[in-house]
*Asks:* 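Handing you this structure, nothing more for now.
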Amino acid sequence: MASEKVETVVAGNYVEMEREEGDSKSARSKLSNFFWHGGSVYDAWFSCASNQVAQVLLTLPYSFSQLGMLSGILFQLFYGLMGSWTAYLISLLYVEYRTRKEREKVDFRNHVIQWFEVLDGLLGKHWRNIGLFFNCTFLLFGSVIQLIACASNIYYINDNLDKRTWTYIFGACCATTVFIPSFHNYRIWSFLGLIMTSYTAWYLTIASLLHGQADGVKHSGPTKMVLYFTGATNILYTFGGHAVTVEIMHAMWKPQKFKMIYLFATLYVLTLTLPSASAVYWAFGDLLLTHSNALSLLPRTGFRDTAVILMLIHQFITFGFACTPLYFVWEKLIGVHETKSVFKRALARLPVVIPIWFLAIIFPFFGPINSTVGSLLVTFTVYIIPSLAHMITFAPASARENAVERPPSFLGGWAGMYSMNIFVVVWVLIVGFGFGGWASMLNFIQQIDTFGLFTKCYQCPHKP
């Protein structure tokens, strides 16, 4: 009975907003709502699936060359499930926080709840500061990676300009995401983004199988411990894309329905990542160790050019996904978050793009930067902190008794939930942060030694 009462409390604010804003019966208004206002379960699924795999799709074959075929497949399945588990924990903590606040008559209609606010409300300011640091740093470098990927991909269509110049150009293009108010307005972009990654994944799979194995191809991975853990950490990064889970949930009309969405999104993403990474590695083997972008090894055709263009558009969308929470934090910091003028908010957001642009020019190491961000930031942001936060929030018996969402019985109740959380923390701390951090930093330093900072054209073939 209590849980039914809670559900009605949690369900509402976006529905109220829709009624207030969307009363116009005009065809234009209906069309705008159809493309622009998304808050359903399906919108959330598209957002999660579209955001989870973007440019990393092109670096997974590189990870397979470091790990070997069997380890590559097993790590994808393992981290896919682990990522879904911690996304589930984040959704539980969000619902708990929002329910408590709405019982206190707090109104969120002009305010987007973020992960650091959930931590603040449930655990206090120290947890808020830790969450804010890791989340913002991860999203900052997540945006940097999308920008690097844009330059890396466009080079395979037009090599008249070097990759650094392309980074300048795409930095300006991606800055236009300041005009998209929130995840509530990503409906059509999420849908298109998923179609784009699906096309690219199946292009990689089919093109590699039709190409056949390269002359003298070798599949020697894993050969070095450093490469093994670098590859594993890139996969950890792949399935750790839920730093924006809270913002996606908040854009839903009924956020308590989010619980299983991330798992279903991950299952779909695995149908893209497993065949494409396996097929490209089968075809090119150890050649991938020096070609972190899988598109660079496939012959230029109309299909490849289409894949490059679609990935460019998708990276623009994913840049928006990664950057939007940073925009919200910045708006709250300077006091314009609850301003209704889209133009004023867009102008206020522009300074956020400048450091992203600058970092993409300093560290253009497409591939190795994924593993470094994965080991040092993703480990804490989306695996360790949510697991610890969940355990501490529900440590008191009263918190467990009054929890909005109780653990499912098949997990073994609270004891089973705590066991899973402890396993995630220990595994990610030792394997992801410890071994992964050591390996990815060594690999990253090697890229700096080989190519240098501010390199004009990372891994470009030498022109005669």
*Asks:* Using only atom types and a distance under 3.5 Å, with no angle test, would you say the side chain of T167 pairs donor to acceptor with the backbone of K163?
*Replies:*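 Yes; judged by distance alone, with no hydrogens or angles, the pair exists.
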
*Asks:* Does F78 CZ have over 12 foreign heavy atoms under 6.0 Å away?
*Replies:*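 Result for CZ/F78: enclosed.
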
*Asks:* Which residues pass the ring pair (Phe, Tyr, Trp, His ring centres under 6.0 Å) test with F444, not counting sequence neighbours?
*Replies:*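 Per chain and number, F444 pairs via ring pair (Phe, Tyr, Trp, His ring centres under 6.0 Å) with F363, F365.
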
*Asks:* Please report the shortest heavy-atom distance between G374 and Y237, naming the atom on each side.
*Replies:*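 Distance-wise, the nearest heavy atoms are CA-CB, 3.9 Å.
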
*Asks:* Taking T205 for its side chain and S276 for its backbone only, find out whether a donor-acceptor pair lies under 3.5 Å.
*Replies:*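 Flag set: sc T205 to bb S276 pair under 3.5 Å.
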
*Asks:* Using atom types as modelled and distance alone, determine if a side-chain donor or acceptor of W357 lies under 3.5 Å from a backbone N or O of V144.
*Replies:*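 Side chain of W357 to backbone of V144: no pair is present.
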
*Asks:* Do R300 and I157 make a side-chain contact, defined as non-hydrogen atoms from C-beta onward lying under 4.5 Å apart?
*Replies:*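 Yes; the side chains approach each other to less than 4.5 Å.
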
*Asks:* Nearest 0.5 Å, please: how far is OG in S152 from CD in Q315?
*Replies:*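 So the gap between those two atoms works out to 8.5 Å.
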
*Asks:* Taking T372's backbone N and O only, do any of them form a donor-acceptor pair with S375's side chain (distance below 3.5 Å, no angle check)?
*Replies:*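 Looks like yes, one N/O pair under 3.5 Å.
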
*Asks:* Begin from the C-alpha positions of R98 and Y94 and carry the test side-chain hydrogen bond (donor to acceptor under 3.5 Å, both in side chains) through to its verdict.
*Replies:* CA-CA 6 Å; R98 184 164 172 178; Y94 168 87; 2.6 Å; yes

*Asks:* Apply the test side-chain contact (heavy atoms from CB on, under 4.5 Å) to residues Y281 and M69: give CA-CA distance (whole Å), side-chain angles for both, the deciding distance (0.1 Å), then the verdict.
*Replies:* CA-CA 8 Å; Y281 179 55; M69 185 77 82; 3.9 Å; yes

*Asks:* I'd like a table of donor-acceptor pairs (distance under 3.5 Å, sequence neighbours excluded) in which one partner is a side-chain atom from residues 128-140, with atom names and distances.
*Replies:*
from : atom 1 : to   : atom 2 : distance (Å)
N129 : ND2    : K125 : O      : 3.3
T137 : OG1    : F133 : O      : 2.5

*Asks:* Provide the full list of side chain to side chain donor-acceptor pair (under 3.5 Å) pairs with a residue in residues 345-356, sequence neighbours left out, each pair given once.
*Replies:*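 Listed by first then second residue: E331-R345, E331-R349.
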
*Asks:* Taking the ring centre of each residue, are W85 and Y88 less than 6.0 Å apart?
*Replies:*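 Under 6.0 Å, so yes.
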
*Asks:* Counting N and O atoms only, with roles assigned by atom type, does the side chain of Y262 sit under 3.5 Å from a partner on the main chain of T86, one being a donor and the other an acceptor?
*Replies:*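 Absent.
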
*Asks:* Look up atom CG in L442 and atom CZ in F229, then write down how far apart they are to the nearest 0.5 Å.
*Replies:*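 Here the rounded value is 12.5 Å.
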
*Asks:* Show your working on ring-ring contact (aromatic ring centres under 6.0 Å, His included) between F303 and Y203 and close with a plain yes or no.
*Replies:* CA-CA 7 Å; F303 292 111; Y203 159 72; 7.2 Å; no

*Asks:* Does either side chain, that of T230 or that of S371, offer a donor lying less than 3.5 Å from an acceptor on the other one?
*Replies:*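 No, no side-chain donor-acceptor contact under 3.5 Å.
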
*Asks:* Is the number of heavy atoms from other residues, nucleotides or ligands under 6.0 Å of Y199 OH greater than 12?
*Replies:*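 Yes, because the 6.0 Å sphere around OH of Y199 holds more than 12 heavy atoms from other groups.
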
*Asks:* Side-chain donor-acceptor pair under 3.5 Å between S40 and D43, yes or no?
*Replies:*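 There is such a pair (donor and acceptor under 3.5 Å, judged by atom type) between the side chains of S40 and D43.
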
*Asks:* Kindly indicate whether the side chain of P325, heavy atoms from C-beta on, has any atom under 4.5 Å from the side chain of Q114.
*Replies:*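 Heavy-atom side-chain distance check passes, below 4.5 Å.
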
*Asks:* Is any side-chain heavy atom of V95 closer than 4.5 Å to one of K259?
*Replies:*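 With C-beta onward as the side chain, the pair stays apart.
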
*Asks:* Mind listing the closest non-hydrogen atom pair of F179 and F343 along with its distance?
*Replies:*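 Residues F179 and F343, closest heavy atoms: CE2-CD1, 4.1 Å.
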
*Asks:* Answer whether the closest heavy-atom distance between the side chains of V336 and W330 falls below 4.5 Å.
*Replies:*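 When only atoms from C-beta onward are counted, W330 and V336 do not touch, as no gap falls below 4.5 Å.
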
*Asks:* Which atom names give the shortest non-hydrogen contact between A49 and A265, and what distance separates them?
*Replies:*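 Closest approach of A49 to A265: N-CB, 3.8 Å.
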
*Asks:* Given the rule in the side-chain hydrogen bond (donor to acceptor under 3.5 Å, both in side chains) test, do Y327 and T177 qualify, once you have shown the distances and angles that lead to the verdict?
*Replies:* CA-CA 10 Å; Y327 295 151; T177 57; 2.8 Å; yes

*Asks:* Quick check: closest heavy atoms across F258 and S91, and the distance to 0.1 Å?
*Replies:*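 Taking F258 first and S91 second, the nearest heavy atoms are CD2-CB, 3.7 Å.
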
*Asks:* For residues 72-82, which residue pairs qualify under side chain to side chain donor-acceptor pair (under 3.5 Å), counting only residues two or more places apart or in two chains?
*Replies:*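 Checked against side chain to side chain donor-acceptor pair (under 3.5 Å) - neighbours excluded - the pairs reaching residues 72-82 are Q76-T273, Y79-W427.
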
*Asks:* Hey, is the main chain of N51 close enough, under 3.5 Å, to the side chain of T318 for a donor-acceptor pair?
*Replies:*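 No; judged by distance alone, with no hydrogens or angles, the pair does not exist.
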
*Asks:* Would you indicate whether the side-chain heavy atoms of L58 and N153 approach each other to under 4.5 Å?
*Replies:*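 The answer is yes, as the side chains (C-beta and beyond) meet within the 4.5 Å cut-off.
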
*Asks:* State the SG-CD distance between C323 and Q146, to the nearest 0.5 angstrom.
*Replies:*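 So the SG of C323 and the CD of Q146 are separated by 10.5 Å.
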
*Asks:* When rounded to the nearest 0.5 angstrom, what is the spacing between OH in Y156 and CG in L297?
*Replies:*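 Between Y156 OH and L297 CG, I get 8.5 Å after rounding to 0.5 Å.
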
*Asks:* Step by step, would you call F380 with F433 a ring-ring contact (aromatic ring centres under 6.0 Å, His included)?
*Replies:* CA-CA 8 Å; F380 286 95; F433 177 68; 5.0 Å; yes

*Asks:* Taking the side chain as every heavy atom from C-beta outward, state whether P275 and W202 have any pair of such atoms under 4.5 Å apart.
*Replies:*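 Contact flag for P275/W202 side chains = yes.
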
*Asks:* To the nearest 0.5 Å, what is the distance between CZ on F328 and NE2 on H111?
*Replies:*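 So the gap between those two atoms works out to 10.0 Å.
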
*Asks:* Could you check whether any side-chain N or O of S440 sits under 3.5 Å from a backbone N or O of G436, counting only pairs where one atom can act as donor and the other as acceptor?
*Replies:*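 Yes, because the side chain of S440 sits within donor-acceptor range (under 3.5 Å) of the backbone of G436.
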
*Asks:* Does I385 reach the side chain of W115, with side-chain heavy atoms less than 4.5 Å apart?
*Replies:*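 In short, these two side chains touch, coming nearer than 4.5 Å.
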
*Asks:* What pairs with R304 under salt bridge (Lys or Arg N to Asp or Glu O under 4.0 Å), at least two apart in sequence or on another chain?
*Replies:*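 Partners of R304 under the salt bridge (Lys or Arg N to Asp or Glu O under 4.0 Å) test: none.
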
*Asks:* Let me see the working for N293 and S296 under side-chain hydrogen bond (donor to acceptor under 3.5 Å, both in side chains), right down to the final yes or no.
*Replies:* CA-CA 6 Å; N293 189 330; S296 64; 5.5 Å; no

*Asks:* Provide the closest heavy-atom pair for G285 versus H219 in the form atom of the first, atom of the second, distance.
*Replies:*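 Shortest heavy-atom separation between G285 and H219 comes out as CA-CD2, 3.7 Å.
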
*Asks:* When you look at CH2 of W127, are more than 12 heavy atoms from neighbouring residues, nucleotides or ligands closer to it than 6.0 Å?
*Replies:*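 It does: W127 CH2 has more than 12 such atoms within range.
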
*Asks:* May I ask you to test the F284-L298 pair for a side-chain heavy-atom distance under 4.5 Å?
*Replies:*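 Yes, at least one pair of side-chain atoms sits under 4.5 Å.
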
*Asks:* Please identify which of these residues, V226, T233, N443, meets the side chain to side chain contact (heavy atoms under 4.5 Å, CB included) condition with W438.
*Replies:*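 Looking at V226, T233, N443, the match for W438 under the side chain to side chain contact (heavy atoms under 4.5 Å, CB included) is V226.
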
*Asks:* Please walk me through it: do Y62 and H291 pass ring-ring contact (aromatic ring centres under 6.0 Å, His included)?
*Replies:* CA-CA 7 Å; Y62 167 65; H291 295 78; 10.0 Å; no

*Asks:* Does H211 use its side chain to pair, donor to acceptor, with the backbone of V280 at less than 3.5 Å?
*Replies:*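 Judged by distance alone, no pair lies under 3.5 Å.
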
*Asks:* Can you name the side chain to side chain contact (heavy atoms under 4.5 Å, CB included) partners of T271, sequence neighbours left out?
*Replies:*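 For T271, the residues satisfying side chain to side chain contact (heavy atoms under 4.5 Å, CB included) (neighbours in sequence not counted) are Y268.
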
*Asks:* Indicate the atoms forming the closest heavy-atom contact of Y97 with E117, along with that distance.
*Replies:*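 The pair with the smallest heavy-atom distance is CE1-O, 3.5 Å.
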
*Asks:* Looking only at atom types and distance, does a side-chain atom of T238 sit under 3.5 Å from a main-chain N or O of N234, one as donor and one as acceptor?
*Replies:*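 Pair found, side chain donor or acceptor close to backbone of N234.
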
*Asks:* At what distance, to the nearest 0.5 angstrom, does CG of L204 lie from CG of L60?
*Replies:*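 The CG atom of L60 is 10.0 Å from CG of L204, to the nearest 0.5 Å.
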
